[in-house]
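Quick one: the structure is below, questions incoming.
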Amino acid sequence: MKQIVTLLLTTTCILTATAQTKEKKPDYAKRLAGIEKELEKVLADQKAVGFSVAVVYKDKVLMSKGFGYRDLENKKPVTPNTLFAIGSSSKAFTSAVLGQLEKDGKLKLDDLATKHLPQLSFKYDYMNTGITIRDMMCHRTGLSRFDYSWYLFNTPNRDSLIERVKYMEPNKKLREKWQYNNWMFLAQGMIAEKITEKTWEENIRDRFFVPLNMTHSNTDINLVKKDADASLPYSFDGKMNIKKVDYYNINGMGPAGSINSCANDMANWVSTWIMGGKFKDREIIPAAYLRAASSSQMVVDGGRPEEHSDIQFSTYGFGWFMESYRGHYLVEHGGNIDGFSANVAFYPSDSIGIVVLVNQNGSSVPGVVRNMISDRLFALTPISWSA
């Protein structure tokens, strides 16, 4: 009798473990079935021209597809290779270069920023002797945005741009408050240039685009203009009518946001983060840096669950935001520049990555689409995000 009971218990444990194993490996592709119709509806709901989507599980692409038009007037459709400006979603690339250099012994993230970039000078001595590379990577220098200084008075000359930092008055103490600052990502790109004796553009190409097979991506909006599968940029006029706008050349401030890419290429980028920094078994992003970059380095705000009880906390790593999306640890970063919006996201614990690229600035589509896909993948009761 005792042997029978033991056998039954053992069998029960095996069956339970098998069931749990199956639960841990859901059929994500099946869960996405039919979502195209819902995503097409987003175009009308949000008055959007077009967007592309990539969804990956580990190193497998579950979906890579275009919706709407890359050229509205000529009704040219968005494809998985259509180029979009990704704006500040570029920041994770810039900081990752420094992560590679740290592993190579060329710098430490807690080094003073001015040690590696002598032409960088802050207004007060305590900033020059206190602000580290890490502080710049997670937006805690005490400086607010000062974006009009580069956006309205742009120049391709980075030395000229970085000179402006010494006139910027901090409004908070060092490490007192998280404040988004594009200038500090310009500085990071310039530090990499100084150490490698290569331009930021060359570093991004050689360290990421080439090894990750991101064959359509570039850092020059002039190349986008010549690309047969590039999207045109759109916005709204004063009456909320869709209008075509001019491309904005952000080359001077490039390290803060001048990458142009497509769904197929960005799938490789986000998969690399999911796979612990490896692409096709080759380490691209150092594992120790990847863990730090996708961990909380600075509190953005309290992140109390307000409108939705299961969306919680808000912190920042190195070029990434962190939050809890309905019980799932989310790492993401948006992007916005004239005519384009983007969101690049991954769920480390779930090995899921989602990229949404849109040809309209200030658009809510990236977040809406990312959340709709997340709800499907995690088999959650859907929230009417587009509504």
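Computed from a prediction, not measured in an experiment: that's the story for all the values here. The basis for the numbers below is simple: all heavy atoms, side chains too, and nothing from hydrogens, waters or symmetry mates.
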Look at Glu36 together with Lys65 and state whether they make a salt bridge at an N to O cut-off of under 4.0 Å.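 Looking at Lys65 together with Glu36, the answer is no, because their closest N to O distance does not fall below 4.0 Å.
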Got a salt bridge between Lys244 and Glu73, using NZ or NE/NH1/NH2 to carboxylate O under 4.0 Å?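 Salt bridge absent between Lys244 and Glu73.
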Verify the distance criterion only: is there a donor paired with an acceptor across the side chains of Arg134 and Gln297 at less than 3.5 Å?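 There is such a pair between these side chains.
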Count the heavy atoms belonging to other residues, nucleotides or ligands that lie under 6.0 Å from CG of Asn222, then report whether that count exceeds 12.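 Yes, the 6.0 Å shell around CG holds more than 12 heavy atoms from other groups.
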Quick check on Lys280: does its NZ atom have over 12 non-hydrogen neighbours (other residues, nucleotides or ligands) under 6.0 Å away?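 No, because the 6.0 Å sphere around NZ of Lys280 holds 12 heavy atoms or fewer from other groups.
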For the side-chain hydrogen bond (donor to acceptor under 3.5 Å, both in side chains) test, which of Asn264, Asp229, Thr215, Asp227 pairs with Asn81?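 That would be Asn264; it is the only one of Asn264, Asp229, Thr215, Asp227 passing the side-chain hydrogen bond (donor to acceptor under 3.5 Å, both in side chains) with Asn81.
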Run through the side-chain heavy atoms of Ile, Leu, Val, Met, Phe, Trp and Tyr, join any pair under 4.5 Å, and report what else lands in Tyr180's cluster.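 Result for Tyr180 is Trp178, Phe185, Met298, Val300, Tyr316, Phe321.
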Check this for me: Asp159, atom CG, are more than 12 non-hydrogen atoms of other residues, nucleotides or ligands nearer than 6.0 Å?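 It does: Asp159 CG has more than 12 such atoms within range.
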Under a 3.5 Å distance rule, please check whether Glu38 uses its side chain to pair with a backbone N or O of Gly34 as donor and acceptor.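 No, because the side chain of Glu38 does not come within donor-acceptor range (under 3.5 Å) of the backbone of Gly34.
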Heavy atoms of other groups near Tyr69 OH, more than 12 under 6.0 Å: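 No, OH of Tyr69 has 12 or fewer neighbouring heavy atoms, counting only those of other groups under 6.0 Å.
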One thing to verify: whether Asp110 and Lys108 come together as a salt bridge, which I'm taking to mean a side-chain N less than 4.0 angstrom from a carboxylate O.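 Answer for the salt bridge query: no.
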Report all side-chain donor-acceptor pairs from residues 306-313 shorter than 3.5 Å, counting only partners two or more places apart or in another chain.
unit_1: Glu306; atom_1: OE2; unit_2: Arg304; atom_2: NE; d: 3.4
unit_1: Asp310; atom_1: OD2; unit_2: Arg326; atom_2: NE; d: 3.4
unit_1: Gln312; atom_1: NE2; unit_2: Ser309; atom_2: O; d: 3.1

Run the ring pair (Phe, Tyr, Trp, His ring centres under 6.0 Å) test on Tyr234 and Phe340 for me, step by step, so that the C-alpha distance in whole Å, both residues' side-chain angles and the decisive distance to 0.1 Å come before the verdict. CA-CA 7 Å; Tyr234 294 92; Phe340 297 97; 8.5 Å; no
Side-chain contact, heavy-atom cut-off 4.5 Å: Ile221 with Tyr248?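 Contact flag for Ile221/Tyr248 side chains = no.
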Please give me the minimum heavy-atom distance between Phe208 and Ala96, naming the atom from each residue.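 Taking every non-hydrogen atom into account, CZ-CB, 3.6 Å.
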Is the ring centre of Phe346 less than 6.0 Å from the ring centre of Trp269?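 No, the ring centres sit 6.0 Å or more apart.
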Heavy-atom distance under 4.5 Å between the side chains of Ile191 and Leu107, does that happen here?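 The answer is yes, as the side chains (C-beta and beyond) meet within the 4.5 Å cut-off.
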Of all pairs that satisfy salt bridge (Lys or Arg N to Asp or Glu O under 4.0 Å), the ones with a partner from residues 196-220, not counting sequence neighbours: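 For residues 196-220: Arg158-Glu201, Lys198-Asp206.
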So, does Lys172 use its side chain to make a donor-acceptor pair with the main chain of Lys177 at under 3.5 Å?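 Answer holds: no.
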Could you report the tightest heavy-atom contact between Tyr124 and Glu169, atom names first, then the distance?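 What the structure gives for the nearest pair is OH-OE2, 2.7 Å.
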With a 4.5 Å limit on heavy-atom distance, are the side chains of Gln46 and Ser364 in contact?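 Yes, side chains in contact.
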Can you check side chain to side chain donor-acceptor pair (under 3.5 Å) on Asp135 and Thr141, steps first, answer last? CA-CA 6 Å; Asp135 294 326; Thr141 61; over 6 Å; no
When you look at Phe51 and Phe84, which way does the ring pair (Phe, Tyr, Trp, His ring centres under 6.0 Å) test go after all the steps? CA-CA 9 Å; Phe51 61 89; Phe84 296 79; 8.9 Å; no
Heavy-atom distance under 4.5 Å between the side chains of Ser271 and Lys58, does that happen here?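 Side-chain contact under 4.5 Å: no.
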Contact between Val61 and Val55 at the side-chain level, heavy atoms closer than 4.5 Å - yes or no?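 When only atoms from C-beta onward are counted, Val55 and Val61 do not touch, as no gap falls below 4.5 Å.
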For Tyr126, I'd like to know if atom OH has over 12 heavy atoms of other residues, nucleotides or ligands within 6.0 Å.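 Above 12, so yes.
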So, does Glu176 use its side chain to make a donor-acceptor pair with the main chain of Lys173 at under 3.5 Å?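 At least one qualifying donor-acceptor pair exists.
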Where Pro80 and Cys262 come nearest, the two heavy atoms and their spacing: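 Heavy atoms of Pro80 and Cys262 come nearest at O-CB, 3.5 Å.
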Ignoring hydrogens and angles, tell me if any N or O in the side chain of Ser89 forms a donor-acceptor pair with the backbone of Asn343 under 3.5 Å.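 Not a single qualifying donor-acceptor pair exists.
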